[in-house]
Amino acid sequence: MRVPDNLERKLKVRKEAGNYRTLKLRPGLIDFVSNDYLGLGRSKKLHESILKKLKNVTNGSTGSRLLSGNNKHILNTEQFLAKIFKSEKSLLFDSGYMANLAVFSTIPQKGDTILYDELAHACIKDGIRLSLASKFSFKHNDLIYLEKKLKKSKGNIYIAVESIYSMDGDECPLPELIELAGKYSARVIVDEAHSTGIYGEFGSGLCSELGLSDQVFTRIHTFGKAMGVHGAAVVGGIELHSFLINFARPFIYTTAPSPYSVNAVESTFEYLSRNGSLQNQIKNKVSFFKQQYNHACQNSKLTKIDSKHPIQSILIPGNQNAIKASERLQAAGFDVRPILSPTVPTEKERIRICLHTYNTEDEISGLIHSLARL
C-alpha cells in the first residue's frame with residue numbers, strides 16, 4: 001500500500017532541496033565520521049572483557065524495570081555509575097534520546113519554564129515539546145540573551161544545555177552559566193553526550209572535570225559515542241531518581257536494558273579506568289589536526305568552527321555544495337559526511353570531521369591536504 005499523496009509530496013520536496021536521506025554503506029574508507037572518539041567501539045581487548053562477563057546471563061531483560069526487568073546487576077551498575085559521575089543516583093536508559101525524553105517530558109511541570117540553547121540536540125527539543133511547561137530558546141551560548149529570558153520566566157526554571165555541542169564541537173560556558181542560573185534559582189540540565197568518556201576522571205564528563213557536578217540539577221550521559229557501546233544514564237539526586245521512576249513514561253513503559261548492554265556499559269567504564277591515556281591520545285590528535293589545518297588551509301576560503309573537541313566542522317553553505325565537498329573527500333579515501341539543513345540552519349551546512357585515537361598522523365595530514373584542495 002502506498003503512502004498518502006501528501007507524504008509523497010513532502011519526499012519530493014526534500015529530494016528537490018538536496019537533503020533527501022538514504023541509508024548507505026561506504027566500506028573501505030578511513031573513518032572520520034563515527035562518534036567512536038576513543039576507539040572503544042572497535043577495541044578487541046574491550047570486546048573480550050565484555051564477553052567474559054556474559055556467562056550465565058539471560059538473553060533478554062524480559063520486561064520493564066517495574067515488572068520483571070529489574071535485577072541486582074542493573075542496580076549494582078547504576079550504583080557503580082553514580083560513583084563515577086559523583087552523584088547520589090543514576091538511572092539507566094536504552095539510549096540518550098530516551099533519557100532526554102524522560103527528563104524533559106517529566107520534570108518541568110505546567111506553570112514552569114524551560115529555557116534551552118537554540119543548538120540543543122533534537123532529542124532535548126522533542127522532550128521539551130512533550131512538556132506542559134512554557135518553553136523558550138535562547139541564542140547559542142549567549143548569557144546576556146539568556147538573562148533577559150530568565151527575568152521573564154515563571155515557576156520553576158530549567159535551563160537545558162549541552163556540555164559539548166554535537167554540530168559545532170564547542171563548549172557551553174558552564175561555570176558562567178551556572179553562576180547566572182544561581183541568581184534566578186534556576187536548575188541547570190546538562191546533556192553530556194559528547195563529553196562522556198573524553199573529559200573527567202574515568203570519563204565522568206565535562207561537568208565533573210570542571211568540578212561542577214554538585215551544582216547541576218541533572219546530567220544525561222550517553223554511552224554510544226566515546227564509550228563505544230550503547231545506552232545512557234540520568235544522574236542526579238535521590239528525589240529526582242524517585243520522580244523519574246514514578247512518572248517518566250519513557251522509563252515506565254519501555255523494556256529494561258538487556259544484560260548484554262548493562263555488562264557492556266560496566267565493562268567499558270572499567271576498561272577506561274585502566275586506560276586513561278586514551279583521553280590524552282585524543283587530545284593530541286585534535287591538537288595535531290588543528291596545527292596541520294592552520295598551516296595547510298590558512299589561505300583557503302574554508303571556514304572552520306573553532307573547537308577543542310574531536311568534532312571539527314567546516315562550513316560549506318548550501319546543501320549541494322556540502323554534498324559535493326564530501327563526495328570529493330570520499331573519492332580521496334576519507335569517510336566524511338555532509339551535515340545538511342534542516343539538521344543545521346540554512347547557510348550553516350557543513351562537513352563534520354570526527355577524529356579518533358586510531359586515526360594516524362598520516363591519515364589526518366592526508367585529509368587536511370584534501371581539504372586544502374576543495
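We number each residue from 1, following the sequence as shown.
- Under a 3.5 Å cut-off, the side chain of Glu266 and the backbone N or O of Thr77 do not form any donor-acceptor pair.
- Between Lys304 and Phe289, the shortest heavy-atom contact is CD-CE2, 4.2 Å.
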- [ ] Take Lys152 and Glu147, measure what salt bridge (Lys or Arg N to Asp or Glu O under 4.0 Å) needs, and give me the verdict at the end.
- [x] CA-CA 9 Å; Lys152 299 178 181 179; Glu147 185 162 21; over 6 Å; no
Task: Derivation and outcome, side-chain contact (heavy atoms from CB on, under 4.5 Å), residues Arg9 and Asn6 - done: CA-CA 5 Å; Arg9 287 194 294 270; Asn6 63 322; 3.4 Å; yes
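- Side chain of Ser195 to main chain of Ser163: no donor-acceptor pair is present (N/O by atom type, distance under 3.5 Å, no hydrogens or angles).
- Nearest heavy atoms, Asp31 versus Asn359: O-ND2, 3.1 Å.
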Open item on the list: I'd like to know whether Lys139 forms a salt bridge (Lys or Arg N to Asp or Glu O under 4.0 Å) with Asp117, so could you lay out the CA-CA distance, the side-chain angles of the two residues, the decisive distance to 0.1 Å, and finally the verdict.
Closed with: CA-CA 6 Å; Lys139 294 179 181 178; Asp117 190 292; over 6 Å; no
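- Without hydrogens or angle criteria, Asn141 side chain to Glu171 main chain gives a donor-acceptor distance under 3.5 Å.
- Under a 3.5 Å cut-off, the side chain of His221 and the backbone N or O of Gly96 do not form any donor-acceptor pair.
- Here the CG-OG distance, from Leu92 to Ser90, works out to 5.5 Å after rounding to the nearest 0.5 Å.
- No chain of hydrophobic side-chain contacts below 4.5 Å, direct or via other Ile, Leu, Val, Met, Phe, Trp or Tyr residues, connects Ile339 to Tyr165.
- Linking ILVMFWY residues whenever their side-chain heavy atoms come closer than 4.5 Å, directly or via other members, leaves Ile351 and Tyr20 in distinct clusters.
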TODO: Take Phe104 and Tyr116, measure what ring pair (Phe, Tyr, Trp, His ring centres under 6.0 Å) needs, and give me the verdict at the end.
DONE: CA-CA 11 Å; Phe104 290 103; Tyr116 62 96; 8.8 Å; no
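- Remark: side-chain polar atoms of Asn156 are not paired, donor with acceptor, to backbone N or O of Asp112 under 3.5 angstrom.
- Leu75 places none of its side-chain heavy atoms less than 4.5 Å from the side chain of Lys72.
- The two residues Pro259 and Val57 make their nearest non-hydrogen contact at CB-CB, 4.1 Å.
- A cation-pi geometry, defined here as NZ or CZ lying under 6.0 Å from the six-membered ring centre and within 45° of its normal, does not hold between Arg65 and Phe251.
- The main-chain N or O of His194 is found under 3.5 Å from a side-chain atom of His309 such that the two form a donor-acceptor pair.
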TODO: Check step by step if salt bridge (Lys or Arg N to Asp or Glu O under 4.0 Å) holds for Arg337 and Glu327.
DONE: CA-CA 8 Å; Arg337 308 290 177 92; Glu327 288 175 344; over 6 Å; no
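- Contact detail for Tyr145 and Asp142: the closest heavy-atom pair is N-OD1, 3.0 Å.
- Side-chain atoms of Glu363 come within 3.5 Å of backbone atoms of Thr360 as a donor-acceptor pair (strictly under, hydrogens ignored).
- Listed by first and then second residue, the salt bridge (charged side-chain N to carboxylate O under 4.0 Å, His left out) pairs involving residues 206-219 amount to none (not counting sequence neighbours).
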Open item on the list: Between Ser341 and Glu349, does the side-chain hydrogen bond (donor to acceptor under 3.5 Å, both in side chains) criterion hold? Intermediate values first, please.
Closed with: CA-CA 6 Å; Ser341 60; Glu349 295 86 2; 3.0 Å; yes
Open item on the list: side-chain contact (heavy atoms from CB on, under 4.5 Å) for Val33 and Val336? Distances and angles first, verdict last.
Closed with: CA-CA 5 Å; Val33 67; Val336 176; over 6 Å; no
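- Taking 4.5 Å as the limit, every side-chain heavy atom of Ser131 sits out of range of all side-chain heavy atoms of Ser105.
- Note that CD1 of Ile198 and CD of Gln279 are 8.5 Å apart. Values are rounded to the nearest 0.5 Å.
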- [ ] Carefully, step by step, assess His230 and Ser261 under the rule side-chain hydrogen bond (donor to acceptor under 3.5 Å, both in side chains).
- [x] CA-CA 6 Å; His230 194 68; Ser261 179; over 6 Å; no
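- A cation-pi contact, defined as under 6.0 Å to the ring centre and within 45° of the axis, is absent between Lys151 and Tyr184.
- Judged purely by atom type and a 3.5 angstrom limit, Thr106 has no side-chain atom pairing as donor or acceptor with the backbone of Val103.
- In this structure, Ser313 and Ile311 have side chains that are in contact, with non-hydrogen atoms separated by less than 4.5 Å.
- Contact check on Glu192 versus Lys225 returns no salt bridge, with no Lys/Arg side-chain nitrogen under 4.0 Å from an Asp/Glu carboxylate oxygen.
- Residues Ile157 and Arg187 fail the side-chain proximity criterion, which asks for heavy atoms closer than 4.5 Å.
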Open item on the list: Between Thr62 and Ser68, does the side-chain hydrogen bond (donor to acceptor under 3.5 Å, both in side chains) criterion hold? Intermediate values first, please.
Closed with: CA-CA 6 Å; Thr62 76; Ser68 62; 2.9 Å; yes
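- With respect to the salt-bridge test (charged N to carboxylate O, under 4.0 angstrom), the residues Lys89 and Glu239 do not qualify.
- Side-chain contact between Ile364 and Phe334 is absent, with no heavy atoms from C-beta onward closer than 4.5 Å.
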- [ ] Any chance you could lay out the salt bridge (Lys or Arg N to Asp or Glu O under 4.0 Å) test for Arg350 and Asp168, step after step, and finish with the verdict?
- [x] CA-CA 10 Å; Arg350 67 200 55 198; Asp168 291 0; 2.5 Å; yes
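- To the nearest 0.5 Å, atoms CD1 (Ile164) and OG (Ser307) are separated by 7.0 Å.
- Of the possible polar contacts, none joining the Gln292 side chain to the Lys290 backbone as a donor-acceptor pair under 3.5 Å is found.
- A chain of hydrophobic side-chain contacts below 4.5 Å, direct or via other Ile, Leu, Val, Met, Phe, Trp or Tyr residues, connects Ile74 to Ile84.
- Neither Ile189 nor Leu146 shares a network with the other; the hydrophobic side chains, linked directly or stepwise wherever heavy atoms of I, L, V, M, F, W or Y lie under 4.5 Å apart, form separate groups for each.
- A donor-acceptor pair is defined here as one N or O able to donate and one able to accept, closer than 3.5 Å; no such pair exists between the side chain of Asn275 and the backbone of Leu278.
- You'll find the side chain of Glu8 reaches within 4.5 Å of the side chain of Arg2, heavy atoms only.
- Once rounded to the nearest 0.5 Å, the distance linking CG of Asp36 with CZ of Arg42 reads 6.5 Å.
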- [ ] List the steps, then state whether side-chain contact (heavy atoms from CB on, under 4.5 Å) holds for Phe223 with Val265.
- [x] CA-CA 7 Å; Phe223 311 136; Val265 169; 3.6 Å; yes
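- In this structure, Tyr37 and Leu355 have side chains that are not in contact, with every pair of non-hydrogen atoms separated by 4.5 Å or more.
- Under the 4.5 Å side-chain contact rule for hydrophobic residues, Leu302 and Val286 share a cluster.
- Using a 4.5 Å cut-off on side-chain heavy atoms (C-beta onward), Thr268 and Leu46 make contact.
- Atom CZ of residue Phe202 and atom CZ of residue Phe85 lie 12.0 Å apart, to the nearest 0.5 angstrom.
- The CG atom of Asp335 sits 10.0 Å away from the CG atom of Leu329 when rounded to the nearest 0.5 Å.
- Nearest heavy-atom pair, Cys172 versus Leu177, reported as atom, atom and distance to 0.1 Å: SG-CD1, 4.0 Å.
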Open item on the list: side-chain contact (heavy atoms from CB on, under 4.5 Å) for Val235 and Leu81? Distances and angles first, verdict last.
Closed with: CA-CA 9 Å; Val235 302; Leu81 292 173; 5.8 Å; no
